[in-house]
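Just below is one structure, and these are the notes that go with it.
Counting from 1, the numbers follow the sequence of the chain as shown. Atom set for the values below is all heavy atoms of this structure, side chains included, hydrogens, waters and symmetry mates excluded.
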Amino acid sequence: QVQLVESGGDSVQAGASLRLSCATSGYIYHTYRMGWFRQAPGKEREAVAAIYTSYGGKEYDDSVKGRFTISQDRIKNTLYLLMNNLKPEDTAMYYCAADLGTSGSGSWRSEGAFAYWGQGTQVTVSS
């Protein structure tokens, strides 16, 4: 079983940094990849970043590339998203998700590829 518990969202000023955490159960052995998605009001949920659990390969959306870093702590079974130089357009509910590999080669950008989702943590960035 995989359970995800997110934390770290906050209300901050533009230019600030935040680190989101996603505590997981069993992802080291049972997940293929982990992802971070976000959804702003009035917009569709979009992929932010992903990490392939077994070997650490990473993907980033162009909107966050160079500012955000996805990482994992294999000992603590925790996924992180370090967000630097936050911008107002980063304001969204952020979700972590786990892909158990059941979707085959589905795109990391496709939410349908991820079977388990956290509850979401709100990030609000003010100018």
Side-chain angles (χ1 to χ4, degrees):
Q1 296 184 44
V2 176
Q3 296 187 47
L4 314 179
V5 180
E6 297 159 294
S7 62
D10 205 352
S11 180
V12 299
Q13 298 294 312
S17 296
L18 283 174
R19 188 176 72 167
L20 306 184
S21 299
C22 176
T24 71
S25 61
Y27 90 99
I28 293 176
Y29 302 104
H30 303 295
T31 63
Y32 168 60
R33 61 190 169 189
M34 301 288 295
W36 286 99
F37 292 75
R38 66 186 181 187
Q39 186 169 20
K43 295 184 178 181
E44 297 296 314
R45 186 162 50 184
E46 63 180 1
V48 176
I51 184 168
Y52 292 81
T53 309
S54 62
Y55 71 97
K58 301 173 181 179
E59 301 278 3
Y60 295 97
D61 185 76
D62 286 343
S63 66
V64 305
K65 191 173 298 181
R67 297 189 297 121
F68 290 12
T69 303
I70 188 171
S71 62
Q72 61 185 346
D73 186 324
R74 303 296 297 272
I75 296 175
K76 297 178 65 175
N77 287 342
T78 301
L79 179 74
Y80 300 101
L81 184 68
L82 175 62
M83 304 182 294
N84 291 323
N85 192 25
L86 283 162
K87 303 176 180 180
E89 50 263 46
D90 295 318
T91 295
M93 184 73 73
Y94 283 72
Y95 301 88
C96 65
D99 176 7
L100 272 59
T102 58
S103 63
S105 60
S107 173
W108 69 276
R109 296 182 178 275
S110 176
E111 61 187 89
F114 296 81
Y116 292 87
W117 295 80
Q119 79 287 350
T121 185
Q122 179 67 40
V123 173
T124 301
V125 185
S126 302
S127 299

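Looking at S110, its side chain never comes within 3.5 Å of a backbone N or O of S107 through a donor-acceptor pair. Between the D73 side chain and the K76 main chain, a donor and an acceptor come within less than 3.5 Å of each other. Between the K58 side chain and the A50 main chain, no donor and acceptor come within less than 3.5 Å of each other.
When every heavy atom of W108 is checked against every heavy atom of Y52, the shortest pair comes out as CB-OH, 4.2 Å. The two residues S63 and D61 come nearest to each other via the heavy atoms OG-OD2, 2.5 Å.
Within the structure, every pair that satisfies the side chain to side chain donor-acceptor pair (under 3.5 Å) test and touches residues 6-18, not counting sequence neighbours, is listed here: S17-N84.
Put simply, the side chain of E89 does not reach to within 4.5 Å of the side chain of V125, judged on heavy atoms. Two residues are said to be in side-chain contact when any heavy atoms from C-beta on lie closer than 4.5 Å; N77 and Q72 fail this criterion. Between V5 and Q3 there is no side-chain heavy-atom pair separated by less than 4.5 Å. Inter-residue side-chain proximity for M83 and L20 is flagged as met; some heavy-atom pair is nearer than 4.5 Å. Side-chain contact between L4 and Q119: absent, with no pair of heavy atoms (C-beta onward) separated by less than 4.5 Å.
Environment of CD in E44: sparse, with no more than 12 heavy atoms of neighbouring residues, nucleotides or ligands closer than 6.0 Å. Residue-environment remark: CD (E46) exceeds the threshold of 12 foreign heavy atoms within 6.0 Å.
Side-chain heavy atoms closer than 4.5 Å link hydrophobic residues (I, L, V, M, F, W, Y) into clusters, and following such links, even through other members, never connects L86 to Y80. In terms of hydrophobic clustering, with Ile, Leu, Val, Met, Phe, Trp and Tyr side chains grouped at heavy-atom distances under 4.5 Å, V12 and L81 are assigned to a common cluster. Note on Y95: it does not cluster hydrophobically with W36, by side-chain heavy-atom contacts below 4.5 Å among ILVMFWY residues.
For the 3.5 Å distance criterion, the side chains of T31 and T53 qualify, holding a donor opposite an acceptor.
Ion pairing of K65 with D62 is present here, as a side-chain N (NZ or NE/NH1/NH2) and a carboxylate O approach within less than 4.0 Å.
Rounding to the nearest 0.5 angstrom, the gap separating the CG atom in L79 from the OG atom in S21 is 8.5 Å. The line from CD of E111 to CZ of R45 is 4.0 Å long, rounded to the nearest 0.5 Å.
Between W117 and F37, the gap from one ring centroid to the other is short of 6.0 Å.
In this structure, R38 forms no cation-pi arrangement with Y94, as its terminal cationic atom is not both closer than 6.0 Å to the ring centre and no more than 45° off the ring axis.
The side chain to side chain contact (heavy atoms under 4.5 Å, CB included) test with L100 singles out one residue from Y116, Y32, F114, and that residue is Y116.
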